[in-house]
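Only one structure is covered here, and it is reproduced in the block below.
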2 protein chains.
Amino acid sequence: MRPVPAATPEPAPKPRRGRPGHDQATVLRTAIDLFNAKGYDATSIADLAKELGLSKSSIFHHVDSKEALLSAALDEALDALSAAIDRALDEHAGDEVDALTRLRGTVAESVRILAAHLPAVTLLLRVRGNSEVEQQALARRRRIDERLATLVRAAVAEGSLRDDVDPDLASRLLFGTVNSLVEWYRPDGPLDGDALARAVTSVVLDGLVPR
Amino acid sequence: MRPVPAATPEPAPKPRRGRPGHDQATVLRTAIDLFNAKGYDATSIADLAKELGLSKSSIFHHVDSKEALLSAALDEALDALSAAIDRALDEHAGDEVDALTRLRGTVAESVRILAAHLPAVTLLLRVRGNSEVEQQALARRRRIDERLATLVRAAVAEGSLRDDVDPDLASRLLFGTVNSLVEWYRPDGPLDGDALARAVTSVVLDGLVPR
DNA sequence: CCTACCGATCGGTAGG
DNA sequence: CCTACCGATCGGTAGG
């Protein structure tokens, strides 16, 4: 996407000449859906144009490049996930709250973000580092994963998670389960984001076998 | 791939003239690794040729098409997974074995297959139905998932899994966790397939919080 | 917002 | 006549 100009005190957005057209946000949402349905590489700008009812060239009136669409989508997911973890951790900062409670809150908040930004998060989880943009997204994602792993280690250290499972293995299984939600969860189904967050947190921490 | 001729009682494999060359299996393994690293669509036959030190044309001496490579890889994964479930279920067929035990065995066996056929299973789990080959693979995968879901429903029905979690949700979380292993598990790491299978089965059924 | 194009590269095949 | 492979190029389509 073009850099959105900083919010100067602009008057009302000038109605552009020509057809009403599509704004950047519409193009981006449609692109993310196509990228998820067919894969980024298998999606051509022509596919996107057809989906929007535009010509291929008109797409480039709204966006600078195909990769800029990818970059904007990945930023949306990463910004939302980072903010969610900040929120979940700050909520109990300095308190007498144990690590397990902080972990529960962080898992639940991650699931809610995944549900709320499902298309962007889905795309993020499929990135393989095929370009500079993808590699930077992977680096940001690793930083997030490391914060979560630190939290899991703290919970093991305080004795509230099993000590017969390696903490890093526990982290991977925990957030592997969360991430696997993008493969089947649909927000228009019977489960809303909150119910999903509660169910996932409970199953992954307490297990499927009744206690 | 070309159909491999049925195993007739051949003598020793005749040393072929010409350069030692690469056989179909080598080409397939290399292709799967590239497909996983870069994505199927982003991998060109030229990439594969370069990796093998061959010309692009020589690839087509060994395989009929790029898609035939994909098809062979997906069949490897699907055949192995189907066989594993047959094995895990037949092992206790008709016995007095409860559904939870059969489920434990099936989860463990699925993890072992995932570890043993990691590249092919990784590729399978990334298929999005972009072609006839991919759609048929997805259909086979759905049939496997349905067998697993039936097993989970039986375990809930007999009372050995929590009844406050929907059985289909439980299935999705269970096998979502298993499938997420392809994102990080490496067979040359500290965990072998058996140890991974034990750890995953235990965490996913008993939970991370100590009992 | 479109038609008309570009340099390059795609999967696959030719003859030898 | 074979297997194994090559340099060159096919008709079409990619992102821009």
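Below, chain A is the first sequence line, B the second, and so on; all start at residue 1. These figures come from a predicted structure and were not determined experimentally.
Comparing the P positions of D:dA8 and C:dG12 gives an interatomic distance of 22 Å, to the nearest angstrom. Going from the P atom of C:dA4 to that of D:dG16 covers 22 Å, rounded to whole Å.
When the side chain to side chain donor-acceptor pair (under 3.5 Å) test is applied to A:N130, no partner is found at least two apart in sequence or on another chain. Residues passing the side chain to side chain contact (heavy atoms under 4.5 Å, CB included) test with B:A77 are B:A120, B:V121, B:L124, sequence neighbours excluded. Every side chain to side chain donor-acceptor pair (under 3.5 Å) that B:D47 has, sequence neighbours left out, goes to B:K38, B:S44.
The separation between A:I59 atom CD1 and D:dG15 atom P is 11 Å, rounded to whole Å. Look at CD on A:Q24: it is 16 Å from C1' on C:dC1, rounded to the nearest Å. The separation between B:L54 atom CG and D:dA4 atom C1' is 9 Å, rounded to whole Å.
Applying the ring pair (Phe, Tyr, Trp, His ring centres under 6.0 Å) test to every pair with at least one member in residues 23-42 of chain A, sequence neighbours left out, gives these pairs: A:F35-A:Y40. The side chain to side chain donor-acceptor pair (under 3.5 Å) analysis of residues 80-89 of chain B, with sequence neighbours excluded, yields the pairs B:D86-B:R147, B:R87-B:E109. Within the structure, salt bridge (Lys or Arg N to Asp or Glu O under 4.0 Å) contacts touching residues 194-203 of chain B (residues at least two apart or in different chains) are B:R112-B:D194.
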Name the atoms and distances for all side-chain donor-acceptor pairs under 3.5 Å in residues 174-190 of chain A, with sequence neighbours left out.
from	atom 1	to	atom 2	distance (Å)
A:T177	OG1	A:L173	O	2.6
A:T177	OG1	B:T177	OG1	2.8
A:N179	ND2	A:F175	O	3.2
A:S180	OG	A:T177	O	2.7
A:E183	OE1	B:R128	NH2	3.2
A:Y185	OH	A:L191	O	2.7

Secondary-structure string, 5' to 3', Watson-Crick or G-U under 3.5 Å, | for another-strand partners, for DNA chain D: ....||.|.||.|.||
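Judged purely by atom type and a 3.5 angstrom limit, B:R102 uses its side chain to pair as donor or acceptor with the backbone of B:V97.
Considering only side-chain N and O atoms, B:H61 lies nowhere under 4.0 angstrom from the phosphate OP1 or OP2 of D:dC5.
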I'd like a list of close polar pairs between nucleotides 11-13 of chain C and the protein, N/O only, cut-off under 3.5 Å.
from	atom 1	to	atom 2	distance (Å)
C:dG11	OP1	B:T43	O	3.2
C:dG11	OP1	B:K66	NZ	2.8
C:dG11	OP2	B:I45	N	3.0
C:dG11	N7	B:K56	NZ	3.1
C:dG11	O6	B:K56	NZ	3.1
C:dG12	OP2	B:K66	N	2.7
C:dG12	O6	B:K56	NZ	2.6
C:dT13	O4	B:S57	OG	2.4

